[in-house]
Number of protein chains: 2
Amino acid sequence: MRLTTKGRYAVTAMLDLALNAEKGPISLADISKRQEISLSYLEQLFAKLRQQSLVSSVRGPGGGYKLSREPEAISVAQIIDAVNESLDVTNCERQGNCQQGQQCLTHHLWIDLSDRIHAFLSSISLASLVQQDEVQEVSVRQNSARELGLLDVSGVQ
Amino acid sequence: MRLTTKGRYAVTAMLDLALNAEKGPISLADISKRQEISLSYLEQLFAKLRQQSLVSSVRGPGGGYKLSREPEAISVAQIIDAVNESLDVTNCERQGNCQQGQQCLTHHLWIDLSDRIHAFLSSISLASLVQQDEVQEVSVRQNSARELGLLDVSGVQ
DNA sequence: GTAAACCCGACTAGTTTAGTCAAGTAAATA
DNA sequence: TATTTACTTGACTAAACTAGTCGGGTTTAC
Ligand code: FES
Ligand code: FES
């Protein structure tokens with residue numbers, strides 16, 4: 001298993017999309033400013049999210065990305081999976097063939113842990129994150145930072 | 001978070017120690033053969049396990065390593081921690097300061113996941129692993145492979 | 001005193017991360 | 001139609017880390 005900023009950025013960006021859904025398509029430039037993620041890196045991540053049809057894009061001025069499904073129907077596990085970070089902690093990728101085609105001593109333990117991690121992150125949808133108080137607070141802070149003139153707000157629509 | 005063969009090897013090796021505890025000190029060469037882990041690599045891992053006093057060593061011929069505590073008192077989480085693999089999946093190492101000293105949108109989610117992973121692996125001791133049927137089966141298989149003459153058995157002990 | 005074992009530090013090939021950079025294409029609007 | 005905004009694609013890279021190897025020790029049982 002490997003859970004790094006790649007997966008965390010993807011989830012954060014998707015949550016940003018869910019929080020700002022009512023504003024229409026959101027440009028990567030906006031997400032980049034709000035979440036402090038490199039624009040070029042976001043492009044890489046959204047290429048993968050689009051391939052897995054978690055988001056759809058609108059090109060041209062005023063364009064951007066939007067969720068291609070209801071936030072209730074998108075789980076954190078799906079997002080992490082889309083950017084190629086595996087939640088599997090086994091060495092054998094669940095094949096049970098670590099040791100000359102047979103199970104190693106700890107295979108069962110890692111299967112068990114993988115299942116729990118997957119169950120947890122599958123049970124959490126973008127919609128349920130949006131409803132959390134902590135998330136709302138951070139979101140409000142991020143939007144007020146924009147209004148304080150730290151960032152270009154005027155022309156944005 | 002990063003859970004790779006390093007942590008898996010460490011747990012496997014410690015479990016091997018627990019399973020063979022009654023034979024007296026177990027040499028790394030034995031573990032290396034049974035678990036198919038490079039001897040030099042095991043030396044690196046056991047240096048760290050010893051620093052954390054999870055194992056103690058006996059030098060000289062007939063020597064090896066043994067658990068320095070009851071298997072009931074050693075959890076999988078402790079072992080993984082000892083070889084410097086973190087079970088923490090936050091970016092901020094629990095500080096909540098990802099974004100200019102403040103919490104990022106997903107901080108709470110990662111804290112939550114980290115706590116669950118840690119709780120799970122802390123709840124599993126070497127003793128409880130030894131009692132599992134799957135583990136016993138694999139252990140029997142590994143010992144019979146030795147007796148089939150695939151490996152040097154005669155002079156050991 | 002010799003061999004079995006632990007101990008220790010330096011080294012390394014390969015992979016992955018977290019990006020950057022450049023050159024496009026598509027679409028809205030003036 | 002020209003311009004601009006924004007998505008799209010691919011190549012490239014420094015730094016870190018993994019999963020080891022290698023060579024030399026030191027300790028102790030026999
Ligand atoms: S982790 Fe599945 S066989 Fe070893
Ligand atoms: S992960 Fe803790 S603040 Fe971002």
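Chain naming here is simple, since letters A, B, ... match the order of the sequence lines and numbering starts at 1 in each.
Remark: B:Tyr41 pairs with B:Tyr9 by the ring-ring contact (aromatic ring centres under 6.0 Å, His included) rule, at least two apart or across chains. Listed by chain and residue number, B:Asn91, B:Cys92, B:Cys104 satisfy the side-chain contact (heavy atoms from CB on, under 4.5 Å) test with B:Cys98 (two or more places apart in sequence, or in another chain). Under the side-chain hydrogen bond (donor to acceptor under 3.5 Å, both in side chains) criterion, A:Ser40 pairs with no residue, sequence neighbours left out. Listed by chain and number, the residues in a side-chain contact (heavy atoms from CB on, under 4.5 Å) with A:Glu36 are B:Gln99, B:Gln100 (sequence neighbours excluded).
Within the nucleic acid shown, B:Ile26 comes within 4.0 Å of sugar-phosphate atoms alone, with no base atom in reach, counting heavy atoms only.
Residues from residues 2-17 of chain A placing a heavy atom under 4.0 Å of any atom in DNA chain D do not occur. For DNA chain C, none of the residues of residues 99-114 of chain A falls under the heavy-atom distance limit of 4.0 Å. Sorted by residue number, the members of residues 38-55 of chain A with any non-hydrogen atom under 4.0 Å from DNA chain C read A:Ser38, A:Ser40, A:Tyr41, A:Gln44.
Counted within 6.0 Å of NZ on A:Lys48, heavy atoms from surrounding residues, nucleotides or ligands total more than 12; the atom is thus considered enclosed.
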Just distance, no hydrogens or angles: give the donor-acceptor pairs under 3.5 Å from side chains in residues 131-138 of chain B, sequence neighbours left out.
from     : atom 1 : to       : atom 2 : distance (Å)
B:Gln136 : NE2    : B:Val130 : O      : 2.8

Name the atoms and distances for all side-chain donor-acceptor pairs under 3.5 Å in residues 50-60 of chain B, with sequence neighbours left out.
none

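Residues in residues 67-95 of chain A take part in these salt bridge (Lys or Arg N to Asp or Glu O under 4.0 Å) pairs, two or more places apart or across chains: A:Arg94-A:Asp115. Identified under the side chain to side chain donor-acceptor pair (under 3.5 Å) test for residues 10-20 of chain A, with sequence neighbours left out: A:Thr12-B:Thr106, A:Asp16-A:Asn20, A:Asp16-A:Arg34, A:Asp16-A:Gln35, A:Asn20-A:Lys23.
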- Item | Protein-to-nucleotide contact annotation, 5' to 3' order, nucleotides 25-30 of chain D [B base; S sugar-phosphate only; - none; under 4.0 Å, heavy atom] | BBBBB-
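From A:Ile117, atom CD1 reaches atom CG of A:Asp112 across 10.5 Å, with rounding to the nearest 0.5 Å.
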